[in-house]
Structures are given as structure tokens and as C-alpha cells.
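The first residue in the sequence is number 1, and the count goes up from there.
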Amino acid sequence: MPNTISPPILTPQTTEKPAAESRPAATGASHILLVDDNANSRNVLQKALTQSGFDTSAAPDGKSALTMIQGERFDLVLLDVRMPDISGVEVLKQLRKTYSGTELPVIMVTGNDESADIVQALELGANDYVTKPLDFGVTVARIRMHLQLKHSVEHVLELEATMAARNTELESANAELREFARQKQIELETAARVQAAFLPTAIPKVPGLRFAWAFEPCQELAGDSLNILSLDSYHVAFYVLDVSGHGMPAALLAVAATRILSVGGHADSILFTKPAEDLPAEPTGPAEVARRLNQKFAWRSGAEQFLTLFYGLFNLQTRMLTYVSAGHPGGILFSRGCAAITLDGGGLPIAIGDTYEEQRVQLKPGDRVYLYSDGVTEAMDDSRKMLGRDKVVEHLGAAGSTGLDQTVADLLKSVKRWQGGTLHDDISILAMECE
């Protein structure tokens, strides 16, 4: 049976403190803050995590948690959604004003019937969630995964500040990631659930637009990712990215890139640019987004990893789509009564390129744009013949006025049939329709 944590099983008897419980003496372990108004649940989980090698502190309410975070350094927060006075969602909202998701990962603790809270928390920048009663093995695996991602990103940022030693340290970091992948092989299934949490949990409701997407990894973990982001009242961004290679290293880079390509707090998001101190932040142009991402993921000797990206920014007022393609397959534009058009930017992949050029296309009502990873067009049958772009265009063109969701689902089925049901690469499909 799974090892679950649910109050009040074997709960140690302690005297409730009005503020925060003190953590044990520092051990050099990752420091985790548990926030839960239920003393029994809090004490059991704190004891279990301490026995698992973590340095823990606990807060009985949101106000105490915010006070503690101001005065201490924490590596991760395990935050209950439902609390009196200040809810977990409100605490998360306050934290994201100061800390990004990579600086301070937050895992929400929710009930099975709190899907609306989960969606809201993820939109506000929560890294992940676990449901009550807690499965302790799953909880520890998710904590370790997010701590590893946090430490990996921190390491990359440190290397940017020490350019002279960058190559040697990046090789060491890559070796650590490979070792981590070997040691954590048994946790792949849990890690896959963590990665799935970064996919769109709820497609933004944007007047005049419709979206649909499909995501199918070829292994437990994928090097693909996609997302749809409502930036402000007039702009919607959407992208598909694909990391070279497979397995844990590709998945870690994909997740790290996904976190960087998130809204978060505007102050630390590469998707926003502040033109002047007294003006609000504005959506960053696609070419600049690619350039900033390229700075974050410089080429690593020995690792030889890069990622391709198609990033689009749609203006709801003008119906103008501005996009950049960094080594990624071009999107396909279908307009009524016209031949399909390839949206290709011709740029080099992230970590290989230098400068990127924006492309623009005016959309009309009824137009559809399809993005996909190369796992679609490069799918091979038994004779090693690729599916190719022409067959993809033929399939999408034959769909006609079929609903967008059904069209995407049918394309995914066609790709899988072409390969005989066995995927050799991750498949990502993202479609947008102007209603």
C-alpha cells in the first residue's frame, strides 16, 4: 500500500506555538518550509521529511509563513491551499511578487475536490501540487525533483557570472545531471507527472480565439514542451519547443526553459519589457524573447544540447501574428480558399544562434495556425520513410471545418498509425483558430 500521510495518524503531541516552529540545527540539507494550519498534519509531515534528510521549518498560518520567509532562506515551500485568515493562494500571490518559481519553488497541498484552486495556483506561479491524503513517496520525489531543477538553474546563473571557468564547470554540471538521471531512474514515472504539470492545465479563454493541443512523449520523460499564455488584455503568446536528445537531461532542460518562458512576476519574466520606470511592462517581441532565452542557455561543451523554439505573439486588436522560429519546423497557416502557407523564420536553435528576426502575418477570421515538433514530420514508417510536411498539410487540409480539437486529435492518431503505434520521438501539436 502507498505510504500516505493523513491526520491524525501517529501524530506526536506538541504544544501549539502562536507563530512558527523552530527548525533543527542546520545540517547543510535543503531547507523546506511547511505551511499548514492543522498541527497534527504539520508535525507528522515535518518529522517524516526530517527523517528523509531535509532541514525543515513549519508555520501554522500564512501570516507566519510570510514573516519567516522575509527573515530566513528557504529552498522550497510546501503550502496548504485552504487556511483561515490568509489562504495558501494569497500567500503564493504575495511570494511571486518577490520570488520567481526558480528562486523559491512552491508545491501546493490540496484536496481532491479543489481543482479550481489548483488551476488558480498554477496560473499564479505554483511549481506543482500534491493532493491529500499525501502519498509520502510521491511527495518526496516531487520535492527532490523541484530542488534539483532549482539547483540546476542556480548553477547555470552562477556560471554566467564566472565566464573564465564556464566550460569546465558546465561539464561538471552535466556530469552531475547524468549521474542524477542514473540514480533517479526509479522515479521516472513520478517525474513524468511533475513534468505534465507544466503543460497548459486550462486553455486561456480569449475572445475571438480558440486553441487546441496534443502532447505525446516517446518515453517516460519528454524533451518537448508547449504553452499558451495570456499576457495582457490585447496579447496572447503561444509556443512549442523541442530539446535535442531524450531522457532526463533533455527533460530537465525542457522544464527549465518552460519555467523561464512563463509569466510569473513581470519583473523577472523574459516575456515582458519595461520601457520606462513610470510605464507598465509590455510584452517582449518574439525575436527578443529568443535572444534572451539564448543568453540563458549558452552552448555547453560536452553536453552538446540545444533547443528549437517557435514563439508567436498575437495582437487581439489588429489580428497581427508576430513570430520567431529558432531552428524549429515552420508553422502552417490555413486560410479559407488559399493554399497552406509555411510560417518559417529560418533562425538557428537556441544555444547555437546569435540574432533572430521577427516575421509577421495578418490573420483573418477563420484562419488556423498549426505548430508542431519535428516528431510529427520526421515520423518514420517500417520502411524508414518520413511522414513529411506535405502529408501533414494534406491531412490538415482535408479536415476542413472539423472542430479544432478533433483536427488535432486526428493528426496525432495519423502520426502514430504511420509509425505503427510506436513513437520514436516526442510529439507536440498546438493549434490556434481565429473565430
Side-chain angles (χ1 to χ4, degrees), residues 181 188-189 192 195-196 199-200 211-227 238-251 253-254 304-310 312 325-335 338-350 352 368-433:
L188 283 178
E189 184 176 347
Q195 187 178 46
L199 295 172
F211 289 95
W213 61 274
F215 179 83
E216 189 87 14
C218 67
Q219 300 176 0
E220 292 91 341
L221 298 177
D224 281 12
S225 188
L226 58 86
N227 212 343
F238 54 96
Y239 68 83
V240 174
L241 66 83
D242 183 2
V243 178
S244 61
H246 299 285
M248 182 69 80
L253 183 55
E304 299 180 352
Q305 276 189 304
F306 60 86
L307 64 92
T308 66
L309 171 73
F310 189 107
S325 179
H328 200 82
I332 300 176
L333 168 62
F334 282 90
S335 294
C338 301
I341 299 174
T342 299
L343 306 179
D344 190 1
L348 293 174
I350 303 298
I352 296 178
R368 288 183 175 183
V369 175
Y370 294 91
L371 309 182
Y372 52 87
S373 59
D374 60 11
V376 173
T377 51
E378 296 181 6
M380 293 185 180
D381 62 10
D382 293 338
S383 64
R384 299 191 64 77
K385 179 181 178 182
M386 289 187 181
L387 179 63
R389 176 187 176 278
D390 291 344
K391 287 190 179 296
V392 173
V393 171
E394 179 182 344
H395 176 90
L396 293 175
S401 59
T402 304
L404 199 64
D405 288 334
Q406 189 62 49
T407 302
V408 170
D410 289 345
L411 177 58
L412 176 61
K413 291 179 182 178
S414 295
V415 176
K416 296 172 75 172
R417 281 198 303 267
W418 182 265
Q419 300 182 90
T422 301
L423 298 184
H424 302 290
D425 197 0
D426 306 321
I427 295 176
S428 296
I429 304 170
L430 176 60
M432 181 187 80
E433 178 180 27

Where is the tightest heavy-atom contact between [X] and [Y], given as atom of each residue plus distance?
X	Y	answer
Ala212	Val408	CB-CG2, 3.9 Å
Asp410	His395	C-NE2, 3.5 Å
Asp374	Pro329	N-CG, 3.9 Å
His328	Tyr372	NE2-O, 2.8 Å
Ser373	Val240	N-CG1, 4.2 Å
Val393	Phe334	O-CZ, 3.6 Å

Please round to the nearest 0.5 Å and tell me the distance separating atom [atom1] of [X] and atom [atom2] of [Y].
X	Y	atom1	atom2	result
Ser428	Asp224	OG	CG	3.5 Å
Thr308	Ile350	OG1	CD1	9.0 Å
Leu412	Arg417	CG	CZ	10.0 Å
Ser401	Arg368	OG	CZ	7.5 Å
Thr402	Leu396	OG1	CG	10.5 Å
Ile332	Asp344	CD1	CG	11.0 Å

Report yes or no: does [X] contribute a side-chain atom to a donor-acceptor pair with the main-chain N or O of [Y] at less than 3.5 Å?
X	Y	answer
Trp418	Ala379	yes
Ser244	Phe306	yes
Asp381	Gln419	no

| field | side chain to side chain contact (heavy atoms under 4.5 Å, CB included), paired with Tyr370, selected from Thr407, Val392, Leu430 | value |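 For Tyr370, the side chain to side chain contact (heavy atoms under 4.5 Å, CB included) check succeeds only for Thr407.
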